[in-house]
Amino acid sequence: MLLTTTNLTKSYHTLEILKGISLCVDRSDSVAITGPSGSGKSTLLHILGTLDTPTSGSLEIDGQDLSTLSESGLSRFRNETVGFVFQDAHLLPQFSVLENVLLPVRAFGRVDAAATEQAESLIASVGLAERMTHLPGQISGGERQRTAIARSLIMEPSLLLCDEPTGNLDGQIADTVLEVLLSSAVSEDRALIVITHSESLAASMSRRFTLKDGLCSEV
Ligand SMILES: Nc1ncnc2c1ncn2[C@@H]1O[C@H](COP(=O)(O)OP(=O)(O)OP(=O)(O)O)[C@@H](O)[C@H]1O
Ligand SMILES: [Mg+2]
């Protein structure tokens, strides 16, 4: 299994958001998570991505028990193993498309010719070859989202987590972004987990979960 959670809970003071989530996700799985607003989907995704810690329960990714890592070990693990696509892209406005895609490489190492080539090829694969040097303010919402997808793949993560990647986009653009995401993200040694309200996206994933009343069930 790539990812295993056992009885994960998350509470804020007396408010129990997650009440015992036990999930197994394998490499090559593509998973949709749906559920009402406020049900804890983003909270769960942040915990799975090691950006937040559970109140109790355990999380293992790629054979690694996350609770045993130090803060710096955890950020290295996250950078190497987990890719994120957030709802609003989270690009740094002062950097170009190419520089944004290379940020995870720069965070822990040196940007060499091979990394640059890899970034350029990812950017081309999401249809932005002509936009490499544009700043986020000079591209469209769908293009920003596609840049975020390229960035999430630059470290070749085993686990790709997306929080409503098309939440701010409408119809046609949302569909294009989803196609790009699925075609570049689905791989034999990568698991994809996407929070979505989109029926068509959920239907195109291999597994589907619903989060409700603090519990997650496969449908
Ligand atoms: N830092 C926090 N402190 C207190 N409560 C929080 C905190 N973060 C989230 N919550 C609460 O946890 C609940 C779940 O939030 P979460 O963002 O995970 O929901 P969601 O399912 O992603 O909703 P949406 O579909 O609207 O994005 C919410 O009721 C929220 O108010
Ligand atoms: Mg959310």
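We're numbering straight along the sequence, starting at 1. Note that this is a predicted model, so its numbers are computed, not measured. Just follow the structure's listing: the first ligand is 1, and inside any ligand the first atom is 1.
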Ignoring water, what protein N, O or S atoms are under 2.8 Å from the Mg ion (ligand 2)?
Ser42 OG
Between Glu218 and Arg208, is a side chain to side chain contact (heavy atoms under 4.5 Å, CB included) present by the stated rule, with each step listed?
CA-CA 6 Å; Glu218 188 154 12; Arg208 185 167 175 171; 6.0 Å; no
Ignoring hydrogens and geometry, is there a side-chain-to-backbone donor-acceptor pair from Gln145 to Gln87 under 3.5 Å?
yes
Check Leu153, Val126, Leu201, Ile149 against Leu181 for a side chain to side chain contact (heavy atoms under 4.5 Å, CB included) and give me the one that passes.
Ile149
Check the pair Ser11 / Thr55 against side-chain hydrogen bond (donor to acceptor under 3.5 Å, both in side chains), numbers first and verdict last.
CA-CA 6 Å; Ser11 299; Thr55 304; 4.6 Å; no
Does any N or O in the side chain of Arg144 come within less than 3.5 Å of the main-chain N or O of Pro136, such that one atom is a donor and the other an acceptor?
yes
Tightest non-hydrogen contact, residues Asp26 and Arg207, listed as N-NH1, 4.5 Å
If hydrophobic clusters are built by linking Ile, Leu, Val, Met, Phe, Trp and Tyr wherever their side-chain heavy atoms come under 4.5 Å apart, do Phe84 and Val194 end up in the same one?
no
Consider side chain to side chain contact (heavy atoms under 4.5 Å, CB included). Of Leu59, Thr53, Thr5, which one does Leu66 pass it with?
Leu59
Distance under 4.0 Å, heavy atoms only, partner ligand 1: which residues pass?
Tyr12, Ile17, Pro36, Ser37, Gly38, Ser39, Gly40, Lys41, Ser42, Thr43, Glu164, His197
Leu160, Val85, Val31 screened by side chain to side chain contact (heavy atoms under 4.5 Å, CB included) with Leu192, the one that passes
Leu160
